[in-house]
Amino acid sequence: MMGGVLTITLLFCNLLLLLDPSLSHPLCTDSRAPFTLKTPLNFCPYNGSVCCNSTEDLQLRTQFQAMNISHQGCASLLKSILCARCDQFSAQLFRGDSISQPVPVLCNSTFPLNTSQSSSALNGFCSEVWDTCQNVSILNSPFATSLQGQSGVTTGSNFTKLTELWQSKTNFCNAFGGASINGSLCFDGGPVVLNNTGTPTPPNGLCLEKIGNGSYLNMVAHPDGSNRAFFSDQPGKIWLATVPKEGAGGELELDEANPFLDLTDEVHFDAEFGMMGIAFHPNFVQNGRFFASFNCDKIAWPRCSGRCSCNSDANCDPSKLQPDDDSSPCQYHSVIAEFTTNGTALQASLATVAKPSEVRRIFTMGLPFTSHHGGQILFGPDGYLYFMMGDGGGSGDPYNFAQNKKAVLGKIMRLDIDTIPSAAEISNLGLWGNYSIPKDNPFTEDEGLLPEIWAMGLRNPWRCSFDSERPSYFMCGDAGQDEYEEVDIITKDGNYGWRVYEGPNLFTPQESPGGNTSANSINAIFPVMGYYHNLSVNEGSASITGGYFYRSMTDPCMHGRYLFGDLYAHAIWAGTENPENSGNFTMNQIPFSCAHDSPIQCSSVPGSSLPALGYIFSFGEDNNKDIFLLTSSGVYRVVRPSRCNYACSKENATATSSPSPAPSSSSSQASWLNHPYKIFLLLFPSLSFLMLFSV
């Protein structure tokens with residue numbers, strides 16, 4: 001009876017394990033991206049993209065030899081199991097934990113399989129291991145404890161055979177077996193091979209409706225799950241808006257005259273400066289905390305004062321910088337400031353305004369030049385704040401900041417804003433403000449790396465997002481220099497190559513006062529998607545705007561694809577991953593048009609049927625997972641394909657549901673702002689128009 005209970009318990013635990021897999025592209029168990037070896041491994045038979053270096057390969061050989069397995073067939077199976085740590089999909093095989101989980105999930109034919117993995121996984125590898133090794137002595141057996149942490153026998157026993165450790169094959173495979181279900185993977189004795197489902201068919205078109213005339217840089221869904229969202233513009237204002245139901249004919253309800261927060265007195269707004277990002281704490285509904293990322297001028301605002309990013313730690317002398325305008329080096333700063341709604345309403349979800357005073361300064365850093373300083377902030381699924389920072393400007397990153405491990409420029413930073421050190425600790429640790437360092441940031445394995453850094457080698461990351469269904473897919477658009485615009489999957493300790501590479505190509509800088517980095521000295525991670533400037537409608541006018549994985553069912557033919565565009569609105573692309581979870585994408589340029597019944601009529605580009613979007617500044621996502629385009633001509637939403645007469649066999653005529661509406665504000669009014677990078681703004685108040693051009 002106890003054996004039956006144990007079997008049922010283990011089976012239930014195994015199902016729990018498998019029903020909530022860590023869906024992922026190729027990823028190692030330490031959350032780093034696989035890499036290409038310069039010399040082959042000596043022990044494990046893996047090549048190409050792997051998760052083991054020569055040191056780890058030697059450790060696995062030593063572990064295997066210590067098992068002292070006399071049976072050749074069993075020894076071969078155990079070697080393959082140990083070497084699974086080197087597989088480029090090891091994060092999935094070990095369910096992200098190779099420390100407490102000594103073996104990968106073994107393919108078990110008693111579990112139903114899906115089509116995410118090659119049919120070779122049907123062979124019941126777990127049964128093969130039992131049948132071959134059940135009576136073979138294995139010292140320091142990795143099978144003494146199940147994947148759920150339960151022992152087959154009394155802990156501390158000296159048993160070495162599977163038949164001594166587990167009552168039967170059923171018990172053993174309930175403890176260590178699993179299947180390729182819901183996109184997760186299992187180990188079948190060799191490198192993971194995914195099913196290729198053939199060339200994906202791209203959607204026939206992207207249908208848009210215009211719901212607002214205002215021009216905004218950021219959109220964040222209200223954390224309360226309602227149909228409200230926050231919008232911010234580059235000059236420094238944040239608004240709370242109500243988003244109408246798709247297809248209902250309504251417009252965005254946003255009162256321009258009454259912002260949620262007005263920081264225009266603090267924000268320095270000019271060309272590539274302004275409010276670059278907003279983020280709301282995951283527990284905003286309970287604590288009312290939110291954050292703004294903006295630029296300031298230390299001459300105009302006394303509180304705009306911080307350490308220069310060009311400093312001795314980064315082997316940089318600010319006195320030797322040649323400014324790219326009339327300003328002095330590090331006159332302008334990037335700031336992350338915390339604000340609150342506490343005290344403005346009975347609870348944060350009811351607040352319609354925020355307190356204007358800053359709660360605390362999270363980050364302050366002087367900028368060497370006047371461009372390429374990103375500025376987006378967002379909370380990851382881990383609860384930490386991610387801060388996207390460009391290389392600081394200057395053609396070709398002359399000081400090589402993006403490859404400098406002691407510089408925060410050209411990086412993505414990861415900060416803990418829930419644990420605030422004392423002022424003395426901040427000073428002793430050399431932090432840039434009120435935050436602490438997550439214990440699993442990459443610096444713990446790389447002492448030469450600044451502790452804030454999560455990823456490096458970026459030129460100017462412009463619009464990043466986490467996939468709401470697969471959190472390991474952290475996607476960023478990175479603006480190129482002269483040739484290539486790219487989309488990257490950001491991983492822990494990833495180096496994305498700039499300025500050694502621009503996209504997939506080697507880059508030759510015109511000047512190098514900050515020194516050079518050789519291609520052989522880094523394991524560069526190349527883009528998963530991108531496009532060359534010469535493919536632009538206006539050659540040389542190209543600048544990527546990163547987007548989102550489309551997870552709404554409003555357009556079911558777009559579901560699961562990564563949607564992104566170009567600043568100049570000449571193209572929108574959909575990236576389709578094939579095979580799923582492979583990290584390999586096919587991108588297709590998608591026709592787009594405006595619905596004939598759009599709440600606000602769309603104008604057209606002269607001489608074209610394309611809607612006149614102007615410039616695509618950003619993409620946004622609401623709580624329905626609908627996707628929005630934030631452009632210089634207004635706010636657009638992706639809607640049902642049939643509203644533009646695009647064929648989609650998956651479309652359901654039934655309108656999608658919407659969250660319960662929140663109290664509405666008055667109707668929207670027009671506003672203006674300029675794109676934060678690659679363009680200058682010339683404003684003539686008397687003529688009331690904007691002139692924008694590429695730089």
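All values reported here derive from a predicted model rather than from experimental measurement.
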Minimum side-chain heavy-atom gap Ile238-Met275 below 4.5 Å:
yes
When you take the SG atom of each Cys, Cys308 and Cys330, is the space between them under 2.5 Å?
yes
Could you go through Phe290 and Phe260, starting from their C-alpha distance and side-chain angles, then the distance that decides it, and tell me whether this counts as ring pair (Phe, Tyr, Trp, His ring centres under 6.0 Å)?
CA-CA 12 Å; Phe290 69 99; Phe260 179 77; 5.4 Å; yes
Given salt bridge (charged side-chain N to carboxylate O under 4.0 Å, His left out), test Glu577 with Arg470 step by step and report yes or no.
CA-CA 13 Å; Glu577 190 179 25; Arg470 302 175 301 173; 2.7 Å; yes
About how many Å separate CG of Leu208 and CD1 of Ile627, when rounded to the nearest 0.5 Å?
12.0 Å
Main-chain N/O of Val285 paired with Ser349 side-chain donor or acceptor, under 3.5 Å:
no
Treating Asn434 as the side-chain partner and Arg361 as the backbone partner, does any N or O pair qualify as donor plus acceptor under 3.5 Å?
yes
Closest non-hydrogen contact found for Pro356 with Phe339 is O-CE2, 3.6 Å
Counting the benzene-type ring for Trp, do Tyr473 and Tyr562 have ring centres under 6.0 Å apart?
no
Heavy-atom check, side chain of Leu563 versus side chain of Tyr548, under 4.5 Å
no
Below 4.5 Å, heavy atoms only, C-beta onward: do Met388 and Leu378 meet side chain to side chain?
yes
Determine whether Val528 and Met475 make a side-chain contact, defined as any pair of heavy atoms from C-beta on separated by less than 4.5 Å.
yes
Do Ile211 and Pro244 have side chains that approach each other closer than 4.5 Å (heavy atoms only, starting at C-beta)?
yes
Can the ring centroids of Trp239 and Tyr216 be said to lie less than 6.0 angstrom from one another?
yes
Any chance you could lay out the side chain to side chain contact (heavy atoms under 4.5 Å, CB included) test for Glu266 and Glu358, step after step, and finish with the verdict?
CA-CA 11 Å; Glu266 293 86 355; Glu358 190 176 323; 6.0 Å; no
Check for a donor-acceptor pair, side chain of Gln376 on one end and backbone N or O of Cys464 on the other, with a separation under 3.5 Å.
yes
Quick one: sort the Phe474 and Phe466 rings into parallel, tilted or perpendicular, breaks at 30° and 60°.
parallel
Rounded to the nearest 0.5 angstrom, the CG-CD distance for Leu629 and Glu209 is 12.0 Å
Are the side chain of Asp478 and the backbone of Arg459 linked by a donor-acceptor contact shorter than 3.5 Å?
yes
Is the backbone of Ala314 close enough, under 3.5 Å, to the side chain of Asn404 for a donor and an acceptor to pair up by distance?
yes
Quick check: do Ser334 and Leu367 have side-chain heavy atoms less than 4.5 Å from each other?
yes
Knowing that exactly one of Arg414, Arg32, Lys492 qualifies, which makes a salt bridge (Lys or Arg N to Asp or Glu O under 4.0 Å) with Asp440?
Arg414
To the nearest 0.5 Å, atom CG of Leu261 lies from atom OG of Ser357 at 9.5 Å
Test salt bridge (charged side-chain N to carboxylate O under 4.0 Å, His left out) on Asp418 and Arg289 and set out the steps.
CA-CA 10 Å; Asp418 289 325; Arg289 299 176 69 193; 2.9 Å; yes
Can you confirm if the aromatic rings of Phe280 and His222 lie within a centre distance of less than 6.0 Å?
no
Please check: side-chain N/O of Asn295 versus main-chain N/O of His333, any donor-acceptor pairing under 3.5 Å?
yes
Shortest non-hydrogen contact between Arg463 and Met276, atoms and distance:
NH2-O, 3.2 Å
Could you tell me which non-hydrogen atom of Arg551 sits nearest to which non-hydrogen atom of Asp467, and how far apart they are?
NH2-OD2, 2.7 Å
Within the side chain of Asn623, is there an N or O that forms a donor-acceptor pair under 3.5 Å with the backbone of Ala221?
no
Are the side chains of Leu252 and Phe231 in contact, using a 4.5 Å heavy-atom criterion?
yes
From OG (Ser633) to CD1 (Ile600), nearest 0.5 Å:
10.0 Å
Any donor-acceptor pair under 3.5 Å from His373 side chain to Glu272 backbone:
yes
Paired with Glu253, the side chain to side chain contact (heavy atoms under 4.5 Å, CB included) test is passed by just one of Asn227, Thr242, Leu240, namely Thr242
State which residue, out of Val220, Thr341, Thr340, fulfils the side chain to side chain contact (heavy atoms under 4.5 Å, CB included) condition with Phe284.
Thr341
Given side chain to side chain contact (heavy atoms under 4.5 Å, CB included), test Ile490 with Tyr386 step by step and report yes or no.
CA-CA 11 Å; Ile490 303 299; Tyr386 290 77; over 6 Å; no
Asp626 and Ser552: CA distance, side-chain angles, deciding distance, side-chain hydrogen bond (donor to acceptor under 3.5 Å, both in side chains) verdict:
CA-CA 5 Å; Asp626 278 328; Ser552 169; 2.7 Å; yes
Looking at Thr29 and Ala91, would you say the former's side chain and the latter's main chain have a donor-acceptor pair under 3.5 Å?
no
Stepwise, does the side chain to side chain contact (heavy atoms under 4.5 Å, CB included) test hold for Tyr435 with Asp416?
CA-CA 6 Å; Tyr435 59 87; Asp416 180 354; 5.9 Å; no
Gln234 versus Phe617: any side-chain heavy-atom pair under 4.5 Å?
no
Separation between CZ of Phe443 and CD of Glu452, rounded to the nearest 0.5 Å
9.0 Å
